[in-house]
Amino acid sequence: MDGGNLVSDEMVNHLMVSQLGSPECADGFVLDGFPRTLAQARFLDEFLSKTGAGEPLVLQLHVTPEVATERLKCRLQCVGCGRVYHSKLWPPVDAGYCDDDGMPLVKRTDDSEQSIATSLERYAETAAPVTQHYKGRWYYALNAELSPGRLLEVVEGIVETQEAADIAIA
């Protein structure tokens with residue numbers, strides 16, 4: 001993972017089942033960065049079907065490789081609680097320390113220039129089949145280069161639309 005490569009589908013699927021089956025996820029959940037492969041998408045669909053959770057709402061956030069690289073190069077993470085910061089866009093109040101627990105912030109080992117390049121290459125190789133798998137269902141491709149406030153408005157509108165559709169079906 002530090003080199004920008006993906007963790008095996010089997011390991012990721014195992015971790016997902018252990019988390020998605022927990023009481024915290026009983027009323028729904030948001031997944032970020034999963035599924036990344038077609039095998040993971042099929043696994044997720046099977047899990048949702050078995051649990052009666054229905055179709056997933058899939059939001060694919062698009063940015064250029066240049067924007068993704070810049071964002072990741074500026075990412076900082078708290079060694080204690082794991083909170084993520086961006087040194088330019090949302091820095092901590094006290095530079096180098098977490099606002100929540102005061103622990104030091106560090107650059108992740110997978111946020112090196114080479115790891116980011118490798119990760120973007122792997123994403124390009126695996127994203128298209130996952131996108132095709134979900135298109136025509138509850139799938140939306142979004143421009144993640146919008147301002148955070150505008151992107152949130154777009155996402156909220158999509159979620160409200162799906163909730164209204166779910167109520168109409170029920």
Side-chain angles (χ1 to χ4, degrees), residues 6-7 9 11-72 74-78 81-92 98-100 108 110-111 116 119-120 122-170:
L6 297 176
V7 177
D9 290 335
M11 181 179 288
V12 172
N13 290 342
H14 175 75
L15 291 170
M16 285 289 111
V17 167
S18 66
Q19 289 301 307
L20 298 180
S22 71
E24 293 87 15
C25 295
D27 293 327
F29 46 87
V30 174
L31 301 174
D32 179 11
F34 180 85
R36 287 189 186 223
T37 67
L38 185 55
Q40 290 175 8
R42 290 179 174 148
F43 178 86
L44 177 62
D45 290 348
E46 185 177 326
F47 175 83
L48 295 174
S49 177
K50 285 181 182 176
T51 60
E55 293 278 332
L57 171 61
V58 178
L59 307 176
Q60 187 174 29
L61 305 178
H62 290 275
V63 296
T64 64
E66 296 78 19
V67 168
T69 299
E70 180 61 26
R71 288 180 180 177
L72 293 171
C74 295
R75 181 167 56 176
L76 299 169
Q77 189 166 18
C78 176
C81 69
R83 181 175 172 183
V84 176
Y85 294 85
H86 187 280
S87 61
K88 296 177 183 174
L89 299 176
W90 54 86
C98 181
D99 296 342
D100 294 337
R108 291 173 36 162
D110 60 332
D111 284 346
I116 293 168
S119 183
L120 290 174
R122 297 295 175 268
Y123 178 78
E125 293 167 1
T126 61
V130 175
T131 299
Q132 283 305 118
H133 178 75
Y134 284 113
K135 274 190 174 174
R137 298 155 84 174
W138 287 102
Y139 169 85
Y140 298 85
L142 306 176
N143 177 0
E145 293 183 31
L146 296 171
S147 70
R150 180 66 186 120
L151 184 58
L152 178 61
E153 290 173 7
V154 171
V155 170
E156 287 173 338
I158 292 169
V159 170
E160 289 171 8
T161 299
Q162 177 158 7
E163 288 174 347
D166 287 346
I167 290 168
I169 293 169

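Not measured: the values here are computed from a predicted model.
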Would you call I158 and W138 a side-chain contact if the rule is heavy atoms closer than 4.5 Å? no

Within a reach of under 6.0 Å around NE2 of H14, are more than 12 heavy atoms found that belong to other residues, nucleotides or ligands? no

Do V84 and R75 make a side-chain contact, defined as non-hydrogen atoms from C-beta onward lying under 4.5 Å apart? yes

Interatomic distance, F47 atom CZ to L20 atom CG [nearest 0.5 angstrom]: 5.0 Å

Check whether any side-chain heavy atom of L31 lies under 4.5 Å from a side-chain heavy atom of L44, and answer yes or no. yes

Taking D99's backbone N and O only, do any of them form a donor-acceptor pair with Y85's side chain (distance below 3.5 Å, no angle check)? yes

Could you tell me which non-hydrogen atom of I116 sits nearest to which non-hydrogen atom of D111, and how far apart they are? CD1-O, 3.4 Å

How long is the gap from CG on L146 to CG on L152, to the nearest 0.5 Å? 11.5 Å

Are N13 and F34 side-chain neighbours, meaning at least one heavy-atom pair lies under 4.5 Å? yes

So CG of L142 and NE2 of H62: to nearest 0.5 Å the spacing works out to 7.5 Å

Using modelled atom types and a 3.5 Å cut-off, is there a donor and acceptor pairing between side-chain atoms of Q77 and backbone atoms of G82? yes

Separation between OG1 of T37 and NE2 of H133, rounded to the nearest 0.5 Å: 10.5 Å

Do D110 and S119 have side chains that approach each other closer than 4.5 Å (heavy atoms only, starting at C-beta)? no

E46/K50 salt bridge by N-O under 4.0 Å criterion: yes

Side chains of Y140 and L57 in contact at under 4.5 Å (non-hydrogen atoms): yes

Are the side chains of Y134 and D45 in touch, meaning some heavy atoms are under 4.5 Å apart? yes

About how many Å separate CG of L120 and CD of E66, when rounded to the nearest 0.5 Å? 9.5 Å

Using side-chain heavy atoms (C-beta onward) and a distance below 4.5 Å, is E153 in contact with R150? yes

Without swapping roles, check the side chain of Q40 against the backbone of R36 for a donor-acceptor pair under 3.5 Å. yes

On a heavy-atom basis, the closest approach of P35 and V130 is O-CG1, 4.0 Å

Show the nearest heavy-atom pair for residues E70 and K88, with the distance to one decimal. OE2-NZ, 3.0 Å

Drop me the distance from Q132's CD to Y139's OH, to the nearest 0.5 angstrom. 8.5 Å

Minimum heavy-atom separation for L48 to G54, with atom names? CB-O, 3.5 Å

